Amino acid sequence: NNFMCEVPEVAAILDAPEVVGALTTILGEDYVTGASRHCHITKAGSAAQALHQDDFFGFSNYRHAAPVEVMLFYYPQVVTPLMGPTAVIPGSQYSRASAQGGAFGPEGQQQAELPLVLPRAGSCLLMHWHAWHRATAQLGGASVSTRYAFKLQFRRTRPFSAAPTCAQRNPFYGVQRGHRECGPTERHRAERELPRPALRRCL
């Protein structure tokens, strides 16, 4: 949970207008950044993860129908098919788990799994907190770079309101900084400029 202290430059992502605009559109103003965060690393020899939904430690069947919590993955490097890209099943956030051939997966018919190959360093993935996802296997061995994926969690604090206006719906322009921190960790500002995020959403 302390990668913001170890790599303070990542904090610049929270203030990028693309990220602030998208989060404000989905979660409303005054959304909070959760204290739970993690850097997922895929390197030579990394096996594939099982499909899973993130949960609340004991509340695995508790799911939001509306976007109350979302997660953001930040990839500081290009991600190729051999690097073990993140795979997501779009729309699967509404599905509970079921046993399929000895493994767990989303219940009912689903869209195909989507491996997120990212040709641009600095890309971000914004997805529903309960969407089924996994890290795929690293297939390139020592011939490809290590894949880093910084995961952050965000949560709505205000009740749902009427649909936003056209100006409010635009996720990239004219949106003020909409988040505030929760928890005791102090915000760290970036000391150098990071690549501008290219935003993808799987909701």
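Residue indices begin at 1 and follow the sequence shown. Nothing here was measured: the structure is a model prediction, and the numbers come from that model. Quick note: numbers below take in every heavy atom, side chains included, and nothing from hydrogens, waters or symmetry partners.
Summarising the geometry of P76 relative to A121, their closest heavy-atom pair is O-CB, 3.5 Å, with the distance given to 0.1 Å. The minimum heavy-atom distance between I26 and P67, with the atom names listed, is CG2-CB, 3.6 Å. Taking both residues in full, the closest heavy atoms of T80 and P85 are given as O-CD, 3.6 Å, listed atom of the first, atom of the second, then distance. Smallest separation of non-hydrogen atoms from V20 and L14: CG2-O, 3.2 Å.
The closest side-chain heavy-atom distance from H133 to E113 is not below 4.5 Å.
The pair R156-D30 does not meet the salt-bridge criterion, since no charged nitrogen lies less than 4.0 angstrom from a carboxylate oxygen.
From L72, atom CG reaches atom CD1 of I13 across 8.0 Å, with rounding to the nearest 0.5 Å. Note that CG of L126 and OG1 of T25 are 10.0 Å apart. Values are rounded to the nearest 0.5 Å. Atom CD of E69 is separated from atom OG of S36 by 9.5 Å, given to the nearest 0.5 angstrom. The structure places OG of S145 at 11.5 Å from CG of L82, a figure rounded to the nearest 0.5 Å. Taken from OG in S46 to CD in Q49, the straight-line distance is 10.0 Å, to the nearest 0.5 Å.
Checked against a 6.0 Å centroid threshold, the rings of F150 and F73 do not count as neighbours.
Clustering ILVMFWY residues whenever any of their side-chain heavy atoms sit less than 4.5 angstrom apart, transitively, puts L139 in the very cluster that holds V144. At a threshold of 4.5 Å between side-chain heavy atoms, the hydrophobic network of Ile, Leu, Val, Met, Phe, Trp and Tyr places L51 and M71 in two separate groups. Note: the hydrophobic cluster containing I89 does not contain L116 (ILVMFWY, side chain heavy atoms under 4.5 Å, direct or indirect links). One hydrophobic cluster, built from ILVMFWY side chains closer than 4.5 Å, holds both M4 and V7. Both F154 and F3 sit in one connected hydrophobic cluster of ILVMFWY residues. Membership requires side-chain heavy atoms under 4.5 Å apart, directly or through other members.
A donor-acceptor contact closer than 3.5 angstrom links the side chains of Y75 and T86.
Judged purely by atom type and a 3.5 angstrom limit, Q93 has no side-chain atom pairing as donor or acceptor with the backbone of A131. With hydrogens and angles ignored, the 3.5 Å screen pairs a side-chain donor or acceptor of Q77 with a backbone N or O of Y148. Checking side-chain atoms of W132 against main-chain N and O of S95 turns up a donor-acceptor pair under 3.5 Å. Looking only at distances, a side-chain donor or acceptor of S123 sits under 3.5 Å from a matching main-chain atom of R120. A donor-acceptor pair is defined here as one N or O able to donate and one able to accept, closer than 3.5 Å; such a pair exists between the side chain of R147 and the backbone of G84. Between the side chain of Q138 and the backbone N or O of G140 there is at least one donor-acceptor pair closer than 3.5 Å.
Only one option out of K151, H130, Q153 pairs with D54 in a side-chain hydrogen bond (donor to acceptor under 3.5 Å, both in side chains); it is K151.
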Test side chain to side chain contact (heavy atoms under 4.5 Å, CB included) applied to T157 and Y31, step by step: CA-CA 6 Å; T157 63; Y31 59 83; 5.6 Å; no
